[in-house]
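Order of listing sets the numbers, starting from 1, for every ligand and every atom in it. Heads up: numbering here begins at 1 and tracks the sequence.
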Amino acid sequence: MNKTESSPLKQSNRARSSRPPGPKGTPAMGVMRDFNRDHLGFIERAQREYGDVVWMRFLYVPAIFLYHPDDVEYVLVTNPKNFIKSMSLRSNFFQRLVGNGLLTSQGEEWKRARRLSQPAFHRERVASYASVMVDYTRRLTAKWQAGETRDTHTDMMRLTLEIVVQCLFSADVSRDVDQVGETLKELVKPFASQATLKWILDNRLPTPAHLRFHRLAKKIDNVVYRIIAEHRRSGKDKGDLLSTLLAARDEDGSQMSDRQLRDEVMTLFLAGHETTALTLAWSWYLLGTNPESEQRFHDEVDDVLGGRAATAADLPRLKFTEQIAKESMRLYPPAYGLGREAIDDCEIGGYHVPAGTQVFMFQWATQRDPRFYEEPLSFHPERWTEDFIERLPKYAYFPFGGGPRACIGASFAMMEIILCLATIGQKFRLELVADHPVSILPAMSLRPKDGIKVVVRSR
Ligand code: HEM
């Protein structure tokens with residue numbers, strides 16, 4: 001099928017310009033309670049019961065859920081100018097955390113920030129971080145003892161945090177790395193809760209938790225501003241992301257202010273470490289439950305690396321490892337949903353959508369849809385052939401979003417995931433602890449609720 005054509009699988013015969021069907025919930029709350037009780041179950045049920053476009057209300061706020069790739073493509077790629085980020089991302093909480101960084105800014109301000117940030121993510125620049133990724137992974141595994149039990153989610157979180165801090169600021173600020181890492185970990189703790197939305201919306205209240213949040217935000221600001229000042233003073237390109245952002249000039253010669261730099265640095269922290277850690281953690285879980293794939297993975301790593309440290313040059317040959325990363329993000333997309341708000345009235349999937357409607361799209365649902373994936377709930381990394389990718393409707397798979405607001409760190413993340421998997425898989429097999437139940441906590445991202453316990457086996 002030509003990817004630009006509308007998919008024939010799409011539901012037809014909709015009453016044009018009417019409101020889509022959907023659950024009513026209660027008069028005061030709309031569907032808020034049902035959604036909060038079980039995010040993923042609610043998302044799946046809504047599609048099963050009402051189809052590809054579902055209307056509902058959260059308190060007083062109207063929302064639609066979109067499940068079809070063509071409708072996702074419409075919002076992200078065809079008509080992105082008619083959508084801003086959804087209400088929750090524009091909250092006071094996010095403002096304090098990441099200000100007007102790339103993830104949250106809009107319009108001209110976002111365009112300029114994206115232009116200025118782009119050089120930091122150019123192919124060669126990203127490739128230069130490969131050695132940081134491999135070194136830090138080796139440093140982590142050097143402490144592992146064969147036979148010990150570890151929580152691989154915790155390990156992967158620590159690893160990706162160290163990597164992103166290192167890539168942002170470079171080694172000569174290592175005295176700050178621990179402090180930044182620790183403070184950041186505390187700061188983003190509210191993200192771990194399923195009541196995140198409520199916490200975020202209540203952010204102005206002087207509860208002890210909120211006061212603590214603002215205290216930590218101030219603490220991290222101080223460190224980040226100091227590092228920016230030191231980088232500015234030195235005037236050298238230290239090869240890190242911050243140096244690239246500092247050097248970036250717009251067409252009119254203007255550069256980022258300290259405030260902007262701070263916002264971008266915080267955004268890269270936030271967007272760049274947990275997502276990658278989750279892909280790694282879920283990949284270990286999936287490999288642990290699929291011995292054939294695990295064997296093939298180890299064979300590839302041995303074959304390509306033959307015992308030496310991985311480099312960026314190995315990436316094209318670590319094909320199966322890349323397929324594992326892709327399949328892992330299909331089944332457990334770290335960002336399991338995307339939100340937007342319609343600026344003007346528009347039509348989506350044949351329905352009239354009024355301005356102000358919150359529009360949600362779910363990687364969780366669309367990437368498990370049997371219309372697009374055979375055996376959608378099974379882990380089949382080998383499905384990701386070029387031929388399959390060519391046939392797949394483009395937005396049946398969107399772990400990194402799409403269109404102008406697509407993830408700027410996608411190639412950084414893919415490289416990190418592949419190199420970390422290969423470096424660990426070279427030496428170890430992670431065997432799942434049989435009686436440790438693994439379940440999902442859909443907070444801001446898709447986390448394993450009680451971690452993923454593994455026994456480390458030498459290879
Ligand atoms: C597996 C890892 C990752 C996943 C699944 C992921 C996913 C996403 C998604 C879905 C978006 C789009 C959000 C939206 O449209 O509302 C996004 C945006 C973004 N991501 Fe990532 N991301 C990952 C890793 C990274 C890394 C490593 C970095 C940076 C080092 C990064 C930085 C960003 C930034 C700055 C944006 C905002 C881009 C813009 O709006 O211009 N991400 N990411």
Side-chain angles (χ1 to χ4, degrees), residues 72-73 75-77 80 83-90 94 98-107 109-118 120-122 125-126 129 132-133 156-157 159-161 163-169 240-242 244-245 260 263-283 322 324-341 358-364 366-367 395 397-421 444-447:
V72 174
E73 184 163 9
V75 174
L76 296 182
V77 187
F83 299 93
I84 51 174
K85 294 274 173 136
S86 57
M87 265 172 109
S88 52
L89 263 186
R90 305 198 316 264
F94 274 105
V98 292
N100 275 329
L102 265 186
L103 199 62
T104 39
S105 56
Q106 316 274 1
E109 195 172 15
W110 164 77
K111 251 193 211 155
R112 177 172 184 271
R114 180 97 187 189
R115 249 189 338 259
L116 287 173
S117 298
Q118 208 70 56
F121 292 93
H122 277 163
R125 198 74 189 194
V126 169
Y129 301 126
V132 173
M133 294 165 181
M156 297 303 112
M157 286 289 278
L159 176 60
T160 58
L161 180 64
I163 291 173
V164 82
V165 169
Q166 199 65 25
C167 293
L168 269 169
F169 297 141
D240 54 22
L241 286 168
L242 179 57
T244 328
L245 296 177
Q260 265 177 301
D263 290 352
E264 294 308 344
V265 162
M266 289 302 293
T267 299
L268 297 179
F269 268 146
L270 195 71
H273 101 278
E274 182 175 5
T275 42
T276 316
L278 287 171
T279 305
L280 286 166
W282 288 118
S283 297
E322 182 182 345
I324 291 168
K326 284 194 169 143
E327 183 72 344
S328 168
M329 282 190 283
R330 181 183 73 80
L331 284 167
Y332 296 97
Y336 64 94
L338 295 181
R340 296 288 189 271
E341 179 178 315
Q358 306 296 304
V359 178
F360 294 100
M361 299 147 282
F362 298 103
Q363 290 94 333
W364 172 263
T366 305
Q367 295 178 181
Y395 284 86
Y397 185 74
F398 55 111
F400 293 111
R405 303 296 303 244
C407 179
I408 201 171
S411 32
F412 183 105
M414 282 309 284
M415 180 167 92
E416 184 174 359
I417 295 160
I418 297 168
L419 292 177
C420 293
L421 284 177
M444 290 299 288
S445 47
L446 211 59
R447 294 181 171 188

For ligand 1, does [X] get within less than 4.0 Å through its side chain, its backbone, both, or neither, judged by non-hydrogen atoms?
| X | value |
| --- | --- |
| Leu103 | both |
| His273 | neither |
| Trp110 | side chain |

What residue and atom, counting heavy atoms only, is the protein's closest point to [atom], and at what distance?
| atom | answer |
| --- | --- |
| atom 40 (O) of ligand 1 | Arg405 NE, 2.8 Å |
| atom 8 (C) of ligand 1 | Cys407 CB, 3.7 Å |
| atom 15 (O) of ligand 1 | Arg340 NH2, 2.7 Å |
| atom 38 (C) of ligand 1 | Arg114 NH1, 3.4 Å |
| atom 6 (C) of ligand 1 | Phe400 CD2, 3.7 Å |
| atom 24 (C) of ligand 1 | Thr275 OG1, 3.5 Å |

query = Under 30°, 30 to 60°, or over 60°: which ring-plane class applies to Phe121 and Phe412, parallel, tilted or perpendicular?
reply =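 Answer is perpendicular, since the angle exceeds 60°.
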query = Under 30°, 30 to 60°, or over 60°: which ring-plane class applies to Phe360 and Phe362, parallel, tilted or perpendicular?
reply =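 The rings of Phe360 and Phe362 lie parallel, inter-plane angle below 30°.
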Below 3.5 angstrom, do we get any N/O pair linking [X] and ligand 1?
| X | value |
| --- | --- |
| Lys85 | yes |
| Thr267 | no |
| Gln363 | no |
| Leu102 | yes |

key: Options Tyr129, Phe83, Phe121, ranked by nearest heavy atom to atom 30 (C) of ligand 1, top entry   =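 Looking at heavy atoms only, the winner is Phe121.
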message = Which option wins on minimum heavy-atom distance to atom 29 (C) of ligand 1: Ile163, Leu76, Leu268?
response =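 Looking at heavy atoms only, the winner is Leu268.
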Per-atom contacts of ligand 1 with Ile408, taking only distances under 4.0 Å to non-hydrogen atoms =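 Counting atoms of ligand 1 from 1, those under 4.0 Å from Ile408 are 34 (C), 35 (C).
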